[in-house]
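Since the structure comes first, as structure tokens, the remarks are kept for the end.
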Amino acid sequence: MGRYRFFSLVAMVLLWACVNHTYDAPAANCGQYGMEPNMTFSELKALYEGEVMEIYDDMVIEGYVISSDRTGNFYGTLHIQDTPENPSGGLQIDVDIRDYHLLYPVGKKIRVRLKGLFLGKTHEVFKIGGIFTSVGGNRSVGRLPATKVWEHIFATCDGTVDVLPVSVRADALNDDMLNTLVTLEGLEVVPEEVCKPYAIAGESRTDRGLQSCEGDLVMLKNSGYADFHEVELPVGYGRVTGVLSKYYSSYQLIIRDTTDVDLSGERCGGIVFSCDTGEADASIAYVRSKFNGRKTEIPENIKITGVVISDRESGHIEEHLLVLQDSTAGIVCAFTAEHSLNSGDRVEILLRSAVLEEEEGLLHVKDLPPDHIRFLESQQEPEPAYPDLSGDLRNYESRLVRLDSVSFATPGGVYSGVRIITDCSDALHVYTPESASFAETQVHDGSGSIFGIVSRYEDAYCLVLRSPDDVKFNRPYRDCLGGTDLMITEYVEGSGYNKYLEIYNATDVMLDLGRYQLARDYNGDGDYTRYTLELSGTLEPGGLLVYAHPRAEIFMGNIAETHGGVLGFNGDDRVVLMKNGMVIDEIGLPGGENWGMDKTLRRKPEVSVPVNVFREDEWETYPVDEVEGLGIR
């Protein structure tokens, strides 16, 4: 007896002297489980009332082992579920033994005698085991001492079976799946942790993020003592199998070994990471998808490769900007200083520490140092896309496009500013900044094809030319509307509600008014979305129509339609005539000046072409409430 007491004392001293020490697994006790199972997992969980409780009744549960401490990623926790496939629930058993996989391998059916064990729950995870009492007196489920394990946990004499994980996507996880084996489909390691090891050596836990293409996040919990802790995380996309757990409100997976991880497919957005170079190859479409509607930092260590489609030498774009396009999309790149790249240069640009931000509705990747550019080669420009002139150009933003069978709606003049191209059915603005070297060049007459970059001007999509060479007109001019279009010819801002507008068909063809709209802004702010009037019907060549405020009363002629919104101007609002959503004629000045208060403005008879920028010299001014010429031209 004295010898036994001496041995026990030495064992206790060694136990208290070691950190994180656990006892070896006890010898197998196959067949010594005594009682038959008489309780289900759900019945056991139903006993829990919010506090750690001791189980006093002779109850036995039966389940299948789904965890393994063979590689060291599980430490002191044995996880079981009630069936080998399609389980209804699982449990965590805290035990103070090591190498339990030798006695309780994955797929082994075991029985647990519950009398004398404690039941608790942490972060929605149910646990059974011994009792742990903190210095403050709080109780929680602790590890079952090694000497007690063989009294409560019994391996059956049945052989191991295959445990089939439930296949699920991250957005479909729920707490009923906790402590069960699952395979999460459609995941990849979050970009900021790609190429890092599974865990930091010596740390009891390291959480690594897994995300779906839709942004659903699950944590991968790893131990710094696991055999595989130094292995680099996979860079691809696929599935991960593990025991589902939870930490506060975040779901987490615990794998048995690295064979539980199959991330070998192509990542979301086609991004390709290389742990050798440090930067990942990302598509421009992937980069654009990261924009969240406001200034967005790019945390990934990624690079994009594409062909420059802008031409800095022509001055159509600022010297620190360029437009880059790959096979997926295009984007404006804004550098912190001037660059020396030309159209057709194929380059690689590192996006480390850059930001995504919209400027006048056009997405830019900003804050790029010029030394983040790596020139690869000079080559031909990419093949242009062929959008429909009547379609939505959003999907073509910052891409090279080609439009066929078009001409400038109004021949003559220079490129500078906004011009309109048309195919006689639809139209599009073409914008050339004054700084462009060809701004004062006469526009091409004729019709044919036109190339350009889809951009934005005054909150609408437009086409930006790089040079006059983008205009490939090799056929005669196509006069769709007799050289002009519908236009505003009179504006009355009279006393009270006496507000009128007159429009005139200056063409020699019948016009379908269904493609036209009247609109006004508020105090010259340029927002024409608040007050709009869709026109309808037809108008013969040389025809006039008068529109009025519903309460206007001094004009006795025919009124085509009344509208309190558009015709609610008061002298500091701009009024426009639009065709297919684009401004073709404008009256008024920006900024809220009282340019039109208490007066009538009548277009000079010699003016027969609408203009989308107000020209005061085209109008004659008359006193307030002068309507004698309204409806006459």
Residue set satisfying side chain to side chain contact (heavy atoms under 4.5 Å, CB included) with Glu359, at least two apart, ordered chain then number -> His364, Lys366
Can you list the residues that meet the ring-ring contact (aromatic ring centres under 6.0 Å, His included) rule with Tyr48, with sequence neighbours excluded? Phe126
So, does His372 use its side chain to make a donor-acceptor pair with the main chain of Leu350 at under 3.5 Å? yes
With a sphere of 6.0 Å drawn around CD of Glu360, does it hold more than 12 non-hydrogen atoms of other residues, nucleotides or ligands? no
Centroid-to-centroid, His229 to Tyr198, below 6.0 Å? no
What pairs with Tyr251 under ring-ring contact (aromatic ring centres under 6.0 Å, His included), at least two apart in sequence or on another chain? none
Could you check whether Ser67 and Tyr100, counting side-chain N and O atoms only, form a donor-acceptor pair closer than 3.5 Å? yes
Glu43, CD: over 12 other non-hydrogen atoms inside 6.0 angstrom: yes
Within 45° cone of Tyr461 ring axis and under 6.0 Å: Arg456 NZ or CZ: yes
Check the surroundings of atom CD in Glu297: do more than 12 heavy atoms from other residues, nucleotides or ligands lie under 6.0 Å from it? no
Main chain of Arg143, side chain of Asp96: is a donor-acceptor contact present, judged purely on distance under 3.5 Å? no
With Thr305, which residues qualify under side-chain hydrogen bond (donor to acceptor under 3.5 Å, both in side chains), at least two apart? none
Who are the side-chain hydrogen bond (donor to acceptor under 3.5 Å, both in side chains) partners of Gln325, not counting sequence neighbours? none
Once side-chain hydrogen bond (donor to acceptor under 3.5 Å, both in side chains) is applied, do any residues pair with Thr529, and if so which ones, sequence neighbours excluded? Asp527
Residues at least two apart in sequence or cross-chain that pass ring-ring contact (aromatic ring centres under 6.0 Å, His included) with Tyr457, listed by chain then number, are Tyr431
By side chain to side chain contact (heavy atoms under 4.5 Å, CB included) - contacts of Glu62 (at least two apart): Pro37, Lys109, Arg111
Ignoring hydrogens and geometry, is there a side-chain-to-backbone donor-acceptor pair from Tyr237 to Leu263 under 3.5 Å? no
Counting N and O atoms only, with roles assigned by atom type, does the side chain of Lys45 sit under 3.5 Å from a partner on the main chain of Gly90, one being a donor and the other an acceptor? yes
Using the test side-chain hydrogen bond (donor to acceptor under 3.5 Å, both in side chains), find all partners of His79 that sit at least two apart in sequence or belong to another chain. Thr77, Asn179
Within the distance-only criterion (no hydrogens, no angle test), does the side chain of Gln252 pair as donor or acceptor with the backbone N or O of Ser245 below 3.5 angstrom? no
Within a 6.0 Å radius of atom CZ on Phe291, are there more than 12 heavy atoms belonging to other residues, nucleotides or ligands? yes
Flag side-chain contact, heavy atom, 4.5 Å: Val308 against Asn342: no
Salt bridge or not for Asp521 and Arg530, using N-O below 4.0 Å? no
Residues Lys246 and Asp175 bridged, charged N to O under 4.0 Å: yes
Under the criterion side chain to side chain contact (heavy atoms under 4.5 Å, CB included), which of Val65, Ile66, Val106 is the partner of Leu181? Ile66
Please test Phe74 against Ser223 for side-chain contact (heavy atoms from CB on, under 4.5 Å), starting from the C-alpha separation and ending with a verdict. CA-CA 8 Å; Phe74 286 86; Ser223 170; over 6 Å; no
Contacts satisfying disulfide bond (SG atoms under 2.5 Å apart) that involve residues 198-264 (not counting sequence neighbours) are Cys213-Cys268
More than 12 heavy atoms from other groups under 6.0 Å of CD on Glu377: yes
With sequence neighbours left out, which residue pairs that include part of residues 383-393 fulfil the salt bridge (charged side-chain N to carboxylate O under 4.0 Å, His left out) condition? Asp392-Arg394
Step by step, work out the side-chain contact (heavy atoms from CB on, under 4.5 Å) result for Leu463 and Leu403. CA-CA 10 Å; Leu463 197 67; Leu403 301 169; 4.2 Å; yes
Between Leu368 and Thr336, is the side-chain contact (heavy atoms from CB on, under 4.5 Å) condition met? List the steps. CA-CA 6 Å; Leu368 292 166; Thr336 55; over 6 Å; no
For residues 159-170, which side-chain donor-acceptor pairs fall under 3.5 Å, sequence neighbours excluded?
residue : atom : partner : partner atom : Å
Ser167  : OG   : Glu185  : OE2          : 3.0

So, the side chain of Asp260 versus the backbone of Val240: is there a donor-acceptor pair under 3.5 Å, distance only? no
Please check this pair: side chain of Ser314 against backbone of Arg466, looking for a donor-acceptor N/O pair closer than 3.5 Å. yes
How about Tyr247 and His123: are their ring centroids closer than 6.0 Å? yes
Neighbour count above 12 (heavy atom, 6.0 Å) for Glu203 CD: yes
I need the Ile80 CD1 to Tyr64 OH distance, nearest 0.5 Å. 11.0 Å
If the threshold is 4.0 Å, N to carboxylate O, is there a salt bridge linking Asp262 and Arg239? yes
Salt-bridge test for Glu397 and Arg288: reply yes if a basic N is under 4.0 Å from a carboxylate O, no otherwise. yes
